[in-house]
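Here's the structure we're looking at; comments come further down.
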Amino acid sequence: MSVCDPSALARSLLAWYDRAGRALPWRKKGNERPDPYHVWLSEVMLQQTTVAAVTPYFLRFIERWPTIAQLATAPTDDVMHAWAGLGYYARARNLHACAKMVAQWRGGQFPDDEEALRKLPGVGDYTAAAITAIAFGKRAVVVDGNVERVMARLFAVTEPLPAAKGRLKALAAHLTPDMRPGDYAQAVMDLGATICSPRNPACGICPWMNECQGRRQGIEAQLPAKLAKPERPTRHGIAYWTARKDGAVLIRRRPPQGLLGGMMEIPSTPWRDDTPWDMAELAAHQPVAAQWRPLPGLVRHTFTHFHLELRLVAGKASANATPLGLWVALDKLSDHALPSVMVKVVKHALAKAY
DNA sequence: AATCCGTGGCC
DNA sequence: TGGCCAAGGAT
């Protein structure tokens with residue numbers, strides 16, 4: 001067997017998958033076709049997100065919204081709330097928009113070809129191919145980070161990402177068989193997730209160990225090569241923990257676009273580079289007029305492209321204040337779509353302000 | 001094309 | 001501890 005025999009490689013991979021494939025909540029056993037709704041939902045959740053993180057969210061979603069029609073009629077904020085903590089919140093907005101389109105214009109049936117799927121919000125090249133192969137059993141070239149890594153190693157592609165993407169996709173297309181499209185796609189991704197892992201790949205038990213050129217050359221651990229990432233700056237902000245006489249605190253909704261778009265937050269100054277805020281600057285950004293007292297410590301959080309250091313101040317709002325936001329009782333905070341960084345802020349405030 | 005967009009686990 | 005990484009998409 002050689003790398004010039006793609007069908008033999010596909011067969012050996014599928015044999016491995018039949019023997020070692022993982023049981024996942026969105027996967028059906030044997031030849032049973034999975035629900036396209038489940039495939040789509042899981043694939044969107046799995047974008048840049050681990051199986052371990054996705055699993056409880058997936059189970060909650062399909063329990064609460066058993067069909068895409070039910071998801072489509074849910075209030076957007078319910079979807080955002082259910083998504084809170086999973087990250088990349090534009091996915092949740094696109095997910096809901098997509099559900100509405102499929103439910104209203106297509107009778108709840110997903111299109112079964114890549115081109116049409118690709119037009120749905122939140123569905124890109126990868127997700128369209130994955131749904132086509134997994135949900136509809138049609139051949140599609142499914143390329144995610146796992147596939148790129150596996151191809152780079154199998155064919156010893158040393159060109160760094162992202163420049164190598166086109167070459168890696170062509171290699172993936174060369175290997176993709178006509179048989180069992182869904183199983184094959186999931187098998188390559190499973191291989192990348194469990195054996196051909198980013199660190200310490202388990203080459204000794206890999207079904208492709210004898211064909212892998214990266215391993216033959218002893219460079220598999222260095223692949224895929226990647227361009228160095230730019231340094232992450234640190235941004236600074238001050239969050240206003242605003243309490244009313246009855247104990248309720250002030251939260252507000254972030255703008256629909258951009259970072260944490262549409263999610264709820266503890267009001268804060270802008271998050272700016274380099275320079276921490278001075279107490280004298282608080283009045284210019286406060287959500288309501290108050291005397292602010294600094295709380296000890298700070299909340300650190302790392303986003304994709306910057307670190308955040310958030311200090312907290314606490315203040316009492318006057319009885320007739322009319323802030324831009326929403327008063328929420330402390331024990332009702334979890335009813336709202338608070339992203340993880342804001343959960344950290346709330347915990348810090350509860351520990352330091354009382 | 002390059003940037004922006006979350007989070008938690010891992011070593 | 002901090003950087004790296006994950007079943008990417010939108011602009």
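Every chain is numbered from 1, with letters handed out A, B, ... down the list of sequences.
- In terms of position along DNA chain B, the nucleotide closest to A:P230 lies nearer the 5' end than the nucleotide closest to the other residue of the pair A:P230 and A:K344.
- The two residues A:A239 and A:S268 make their nearest non-hydrogen contact at CA-CB, 3.7 Å.
- A salt bridge is defined here as a Lys NZ or Arg NE, NH1 or NH2 lying under 4.0 Å from an Asp or Glu carboxylate O, and A:D113 with A:K138 fails to meet this definition.
- Ring to ring, A:H301 and A:F303 are close: their centroids are under 6.0 angstrom apart.
- Judged by the 6.0 Å and 45° rule, A:R254 forms a cation-pi pair with A:W271.
- At a threshold of 4.0 angstrom between heavy atoms, the contacts of A:T49 include nucleobase atoms, whether or not backbone atoms are also involved.
- In this structure, A:R91 is not positioned above the aromatic face of A:Y88 in the sense of NZ or CZ being under 6.0 Å from the six-membered ring centre and within 45° of the axis.
- The same atom, P, is picked in C:dG9 and in B:dG8; the two are 22 Å apart, to the nearest Å.
- The aromatic rings of A:W40 and A:F110 sit tilted, their planes meeting at an angle between 30° and 60°.
- Distance, A:E265 CD to B:dC5 P: 14 Å, rounded to whole Å.
- The C1' atoms of B:dT7 and C:dT11 are separated by 23 Å, rounded to the nearest whole Å.
- Among the atoms of the strands shown, none is found under 4.0 Å from any heavy atom of A:G192.
- Salt bridge status for A:R252 with A:E265: present, with a side-chain N to carboxylate O gap under 4.0 Å.
- As judged by a 4.0 angstrom heavy-atom cut-off over every strand, A:L24 is placed among the base-contacting residues.
- No cation-pi contact links A:R311 to A:W277, judged by a cut-off of 6.0 Å to the six-membered ring centre and 45° from its axis.
- Separating the C1' atom of C:dG3 from that of B:dG6 is a span of 16 Å, rounded to the nearest Å.
- Within the 4.0 angstrom heavy-atom criterion, base atoms lie near A:R27.
- To the nearest angstrom, P of B:dC4 lies 19 Å from CZ of A:R91.
- Looking at which nucleotide of DNA chain C each of A:S42 and A:P121 is closest to, the 5′-most match is held by A:S42.
- If you check every strand for non-hydrogen atoms under 4.0 Å, A:V123 touches sugar and phosphate atoms only.
- Between A:F58 and A:H38, the distance from one ring center to the other falls under 6.0 angstrom.
- Near-neighbour residues of DNA chain B inside residues 296-311 of chain A, defined by a heavy atom below 4.0 Å, number-ordered: A:H301, A:T302, A:F303, A:T304, A:H305.
- When rounded to the nearest whole Å, the span between NZ of A:K165 and C1' of B:dA1 equals 13 Å.
- Atom CG in A:L259 sits roughly 5 Å away from atom P in B:dC5 (whole-Å rounding).
- Comparing A:R199 and A:Q186, the nucleotide of DNA chain C nearest to each residue sits closer to the 5' end for A:R199.
- Within 4.0 Å (heavy atoms only), A:V341 reaches sugar-phosphate atoms of the nucleic acid but no base atom.
- Protein atom CZ of A:R232 is 14 Å distant from nucleotide atom C1' of B:dT3, rounded to whole Å.
- In this structure, CD of A:Q48 is placed 17 Å from P of B:dG9, rounded to the nearest angstrom.
- A salt bridge links A:D77 and A:R253; the closest N-O separation between the charged side-chain nitrogens and carboxylate oxygens is under 4.0 Å.
- On the nucleic acid side, DNA chain C contacts chain A at distances under 4.0 Å to non-hydrogen atoms, with the end points of that region at C:dG3 to C:dA10.
- For the pair A:L86 CG and B:dG9 C1', the interatomic distance rounds to 14 Å; values are reported in whole Å.
- Rounded to whole Å, the C1' atom of B:dT3 lies 22 Å from the corresponding atom of C:dA7.
- Atom C1' of nucleotide B:dC5 and atom CH2 of A:W83 are separated by 13 Å, given to the nearest angstrom.
- Using modelled atom types, one finds a donor on one side chain and an acceptor on the other under 3.5 Å when comparing A:Y126 with A:E43.
- If you check every strand for non-hydrogen atoms under 4.0 Å, A:D190 touches a base.
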